[in-house]
Amino acid sequence: MSIAQQLKEIREELPKGVTLVAVSKTKSEAEILEAYQAGQRIFGENKVQEMVSKYEALPKDIQWHMIGHLQRNKVKYLVDFVSLIHGVDSLKLLKEIQKRAAGANRVVDCLLQVHIAEEATKFGFDSGELEALLGSGALEAFPNVRLRGLMGMATFTDDTAQVRREFRHLKTLYDRAREAWPNADTLSMGMSGDYPTAIEEGSTMVRIGSRIFGSRNYG
Ligand SMILES: *Cc1c(COP(=O)(O)O)cnc(C)c1O
């Protein structure tokens, strides 16, 4: 099936109020343009260099989302144009985004990443750290950061019950964060393999790559 057909199918499945991020990491500019011509405007990348070069080459009304782990020393390369940073996983990173966003005279939308999976390798705050942060007032010191919500990744497993539990946990944390953050409207959870479950559990933003573009070749 073509990229345009895949996009159409997925869009028809998504309830109103769920935003689709087309995850285009490793995919060519031609493939992104194909999705763009089918009406897609939000694309997700996980490497700064790759996102910058695609930003420079492709239409300027594309909204670029950084969905991967972001190193502090790379914030400066994307702060001028990034539309949403999903993977904020430390206060140090938040401070760097604040500093660079102030320098660029922008307010940058961010999600805090929460570690909900069993795997030890995934980045993010754990729920205890998040609760402590929410209670501490520390997040109020970032006038150039707009906290829009939370992002998380479930364990990569066929055990749907476990995936559902993890998403449900993230939704609980999101509901708590919303009480503290006036601009929070985004719960980024769900990928190609688990987005229907994520939507049932309250996702407002799904990040879908391989179901749109086909499997990735990291060669
Ligand atoms: C690659 C990636 C996705 C998309 O994964 P697919 O399984 O191809 O849909 C979503 N979120 C993050 C953070 C990713 O790195």
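Both counts, for ligands and for their atoms, begin at 1 and track the order of listing. Side-chain atoms are counted along with the backbone in the values below, which use heavy atoms only and exclude waters and symmetry mates.
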Contacting atoms of ligand 1, where contact means under 4.0 angstrom from a heavy atom of M151: 13 (C)

Is there a donor-acceptor contact under 3.5 Å from the side chain of R207 to the main chain of A22? no

Of all protein heavy atoms, the one nearest atom 5 (O) of ligand 1 is M191 CE, 3.5 Å

Closest to atom 9 (O) of ligand 1 among protein heavy atoms sits S192 OG, 2.5 Å

Quick one: does ligand 1 sit under 4.0 Å from the side chain of K25, the backbone, both or neither, non-hydrogen atoms only? side chain

In terms of atom number and element, which parts of ligand 1 are under 4.0 angstrom from non-hydrogen atoms of R207? 4 (C), 9 (O), 10 (C), 11 (N), 12 (C), 13 (C)

Run the numbers for me: atoms of ligand 1, each under 4.0 Å from some heavy atom of I208, listed by number. 9 (O)

Option from K54, K25, K27 for which side chain to side chain donor-acceptor pair (under 3.5 Å) with E45 holds: K54

For ligand 1, is there an N or O atom under 3.5 Å from any N or O atom of R216? yes

In ligand 1, which numbered atoms sit nearer than 4.0 Å to a non-hydrogen atom of G209? 4 (C), 6 (P), 8 (O), 9 (O)

Heavy-atom neighbours of N73 CG exceed 12 at 6.0 Å: yes

Using a 3.5 Å cut-off on N or O atoms only, is N46 in polar contact with ligand 1? no

Atom CZ of F81: over 12 foreign heavy atoms under 6.0 Å: yes

Kindly say whether I3 contributes a backbone atom to a donor-acceptor pair with the side chain of Q6 at under 3.5 angstrom? no

Pull out every atom of ligand 1 sitting under 4.0 Å from any heavy atom of I67, numbered as shown with elements. 2 (C), 11 (N), 12 (C), 13 (C), 14 (C), 15 (O)

Salt bridge or not for K92 and E96, using N-O below 4.0 Å? no

For the backbone of M51 and the side chain of Q49, can you confirm whether one donor and one acceptor N or O come within less than 3.5 Å of each other? no

